[in-house]
Amino acid sequence: MQKETYNVIGVMSGTSLDGIDLAHIHFSIVDTKWSFKILETETVSYNNDWLGKLKIAVDFPEAELLQLNDDYTVLLANVIKTFIEKHNLQHLDAVCSHGHTILHQPQNGFTLQIGNLPKIAKLINQTVVCDFRVQDVQLGGQGAPLVPIGDRILFSDYDYCLNLGGFSNVSFEQNGNRIAFDISPVNTVLNFYANQLGLDYDDKGQLACSGKGNTDLMNELNALDYYKKPFPKSLGFEFVKTIVLPLIERYTIPIEDKMRTFIEHIAFQTVVALPKKQGKLLATGGGTYNDFLMERMQYHLPQLEIIIPDKKTIEFKEALIFALLGVLKLRNEINVLSSVTGAKSDHSSGVILK
Ligand SMILES: Nc1ncnc2c1ncn2[C@@H]1O[C@H](COP(=O)(O)OP(=O)(O)OP(=O)(O)O)[C@@H](O)[C@H]1O
Ligand SMILES: CC(=O)N[C@H]1[C@@H]2OC[C@@H](O2)[C@@H](O)[C@@H]1O[C@H](C)C(=O)O
């Protein structure tokens with residue numbers, strides 16, 4: 001007999017290095033239908049020393065990487081312990097932790113998330129479920145994305161789940177399969193131009209809103225090869241650095257016009273990415289705070305109901321879903337979909353440490 005409720009913590013550190021996201025979650029399952037409540041949440045920023053190390057770790061020799069893994073496991077354990085004590089969390093079923101991706105070369109059969117060493121369970125005195133990507137790569141998959149199964153299980157009321165982070169990605173059902181792919185760059189490009197004006201980001205998209213769209217630039221962006229490729233497909237910062245920014249930089253127009261044009265481009269590519277231009281779309285990630293972007297998206301998709309959830313869901317959806325992946329692993333149930341990762345089959349991934 002499986003349990004019907006779970007009291008867990010989800011822990012995620014994303015590639016953008018904005019910190020370690022922790023979310024205390026209650027799950028319950030009634031007649032195969034899952035529901036959740038996001039309780040306490042917190043993002044713990046990295047100090048400059050850690051930021052520096054995590055940025056360059058990809059080039060570390062093996063010995064240094066082993067040391068980093070050890071040190072990061074201790075850091076993560078301390079952060080988790082502090083979170084548990086601060087909120088006086090008791091009777092946890094597990095801490096479900098992604099760790100931090102340092103190396104990811106699925107084509108060569110390996111992926112490394114640090115912070116998942118067995119000693120973490122002892123250090124925090126809890127059951128830990130972690131290392132969710134490794135088995136998928138062993139089964140011939142990309143080890144990513146892992147979030148779409150959570151979209152399917154927890155957000156089935158929506159036709160689409162759209163995340164607006166450094167890049168945008170979407171997941172949806174098609175012919176009984178979950179489909180997921182990256183649509184276009186978002187904040188990687190918008191922040192680049194905000195930085196040129198001395199800002200971290202364009203608050204609410206106000207600068208972009210004050211600019212003018214440039215039709216030639218818009219057409220050139222929309223003609224890029226990536227947009228013609230079929231899924232599965234994904235983007236990395238290389239695409240921005242070597243293709244998108246050099247293209248935009250050929251135009252001698254005000255920065256606000258570049259931002260405005262790029263927002264139109266994001267909205268336009270979102271339209272292209274969605275097979276049906278109607279239904280309900282759940283939008284999450286920091287890009288949802290860009291009011292102008294959201295307005296332009298709604299303009300281009302008038303029949304679509306765009307839903308921006310509460311702040312915790314916007315900011316902690318990934319930690320929530322890693323918490324679910326851990327619970328599914330505890331239940332020995334499928335938590336990775338081969339339709340999105342390309343693995344030989346669906347599987348129950350992760351390691352349980354006690
Ligand atoms: N008030 C705001 N107005 C406009 N943009 C905002 C605002 N607040 C946050 N953002 C944007 O959201 C970004 C952070 O979003 P998020 O945390 O989803 O990105 P991320 O961690 O890089 O995402 P991912 O790892 O999913 O790619 C900021 O860098 C900024 O560009
Ligand atoms: C290998 C790895 O850590 N990939 C991350 C990364 O950050 C965003 C994107 O690239 C996504 O593929 C993935 O994370 C999300 C949470 C996922 O697996 O769904």
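Read the numbers this way: they start at 1 and go in the same order the structure lists the ligands and their atoms. Computed from a predicted model, the values in this text were never measured in an experiment.
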*side chain to side chain donor-acceptor pair (under 3.5 Å) assessment of Arg178 paired with Ser171*: CA-CA 7 Å; Arg178 194 83 194 172; Ser171 92; 2.9 Å; yes

*So which protein heavy atom does atom 22 (O) of ligand 1 come closest to, and at what separation?*
Ser16 CB, 3.0 Å

*Could you tell me whether the side chain of Glu333 reaches within less than 4.5 Å of the side chain of Gln2, counting heavy atoms only?*
yes

*Nearest protein heavy atom with distance in Å, relative to atom 19 (O) of ligand 1*: Gly165 CA, 3.7 Å

_Just to be sure I'm reading this right: ignoring hydrogens, which of Leu146, Asp182, Leu235 gets closest to atom 17 (C) of ligand 2? Compare them by their nearest heavy atoms._
Leu146

_Charged N-O contact under 4.0 Å between Glu315 and Lys311_ = yes

*Using a strict cut-off of 4.0 Å, indicate which atoms of ligand 2 neighbour a heavy atom of His104.*
1 (C)

*Considering only protein heavy atoms, which is closest to atom 3 (N) of ligand 1, and at what distance to one decimal place?*
Lys204 N, 2.8 Å

*If you draw the axis of the six-membered ring of Tyr158, does the NZ or CZ of Lys280 fall within 45° of it and under 6.0 Å from the ring centre?*
yes

*Per-residue contact class, Asp203 against ligand 1 - non-hydrogen pairs under 4.0 Å*: both

*Output, in order, the C-alpha distance, side-chain angles, deciding distance and verdict of salt bridge (charged side-chain N to carboxylate O under 4.0 Å, His left out) for Arg260 and Glu264.*
CA-CA 6 Å; Arg260 165 74 196 240; Glu264 291 298 329; 3.2 Å; yes

*Are any of the heavy atoms in Glu318 under 4.0 Å away from ligand 1?*
yes

*asked:* Between the side chains of Glu42 and Lys86, is the shortest nitrogen-to-carboxylate-oxygen separation below 4.0 Å, so that they form an ion pair?
replied: yes

_Give the atom numbers and elements of ligand 2 that come within less than 4.0 Å of a heavy atom of Val147._
16 (C), 17 (C), 19 (O)

*asked:* Could you check whether Glu256 pairs with Lys212 (Lys NZ or Arg NE/NH1/NH2 to Asp/Glu carboxylate O, under 4.0 Å)?
replied: no

_Please state which option from Ser13, Gly286, Ala194, Ala208 has its nearest heavy atom closest to atom 10 (N) of ligand 1._
Gly286

*Thr101: numbered ligand 2 atoms lying under 4.0 Å from its heavy atoms*: 1 (C), 2 (C), 3 (O)

*asked:* Heavy atoms only, cut-off 4.0 Å: how does Tyr201 contact ligand 1, side chain, backbone, both, or neither?
replied: side chain

*Of all the atoms in ligand 1, which lie at a distance below 4.0 Å from a heavy atom belonging to Asn163?*
26 (O)

_Neighbour count >12 (heavy atoms, 6.0 Å) for atom NZ, Lys312_ = yes

*What are the two closest heavy atoms between Ala94 and Leu330, and how far apart are they?*
CB-CD1, 3.9 Å

*Protein heavy-atom contact under 4.0 Å for atom 2 (C) of ligand 2?*
yes

_If the contact criterion is a heavy-atom separation under 4.0 Å, does Arg133 count as touching ligand 2?_
yes

_Residue, atom name and distance, where the atom is the protein heavy atom closest to atom 27 (O) of ligand 1_ = Gly166 N, 2.9 Å

*Within 45° of the axis and under 6.0 Å from the centre of the six-membered ring of Tyr226, does NZ or CZ of Lys233 qualify?*
yes

*Is Lys37 positioned over the aromatic face of Phe27, cation under 6.0 angstrom from the ring centre and no more than 45 degrees off axis?*
no

*For atom 9 (C) of ligand 2, state whether the nearest protein heavy atom is under 4.0 Å away.*
no

*For Asp131 and His98, what are the C-alpha separation, side-chain angles and deciding distance, and is it a side chain to side chain donor-acceptor pair (under 3.5 Å)?*
CA-CA 6 Å; Asp131 255 336; His98 170 265; over 6 Å; no

*Check each atom of ligand 1 against the heavy atoms of Asp18 and keep those under 4.0 Å away; list them by number with element.*
17 (O), 21 (O)

*Provide, to 0.1 Å, the distance between atom 29 (O) of ligand 1 and the closest protein heavy atom, together with that atom's residue and name.*
Asn191 ND2, 2.8 Å

*asked:* Within the 4.0 Å heavy-atom shell around Thr15, which atoms of ligand 2 are there?
replied: 6 (C), 7 (O)

_For Asp202, which part has a heavy atom under 4.0 Å from ligand 1: side chain, backbone, both, or neither?_
backbone

*asked:* Can you confirm whether Glu4 is buried at CD, in the sense that more than 12 heavy atoms of other residues, nucleotides or ligands lie under 6.0 Å from that atom?
replied: no

*At a 4.0 Å threshold, what atoms of ligand 1 neighbour a non-hydrogen atom of Gly285?*
18 (O)

*Any cation-pi pair here, Lys229 with Phe231, using under 6.0 Å and within 45°?*
no

_Within ligand 2, which atoms have a heavy atom of Glu318 less than 4.0 Å away?_
16 (C)

*Just jot down the ligand 2 atoms closer than 4.0 angstrom to any heavy atom of Ala144, in number order.*
12 (O)

*So Leu162 and Thr270, side-chain contact (heavy atoms from CB on, under 4.5 Å) or not? Walk me through it.*
CA-CA 9 Å; Leu162 175 73; Thr270 311; 4.3 Å; yes

*How far is atom 13 (C) of ligand 1 from its nearest protein heavy atom, and which residue and atom name does that atom have?*
Asn187 ND2, 3.5 Å

*Among the heavy atoms of Gly14, does any lie under 4.0 Å from an atom of ligand 1?*
no

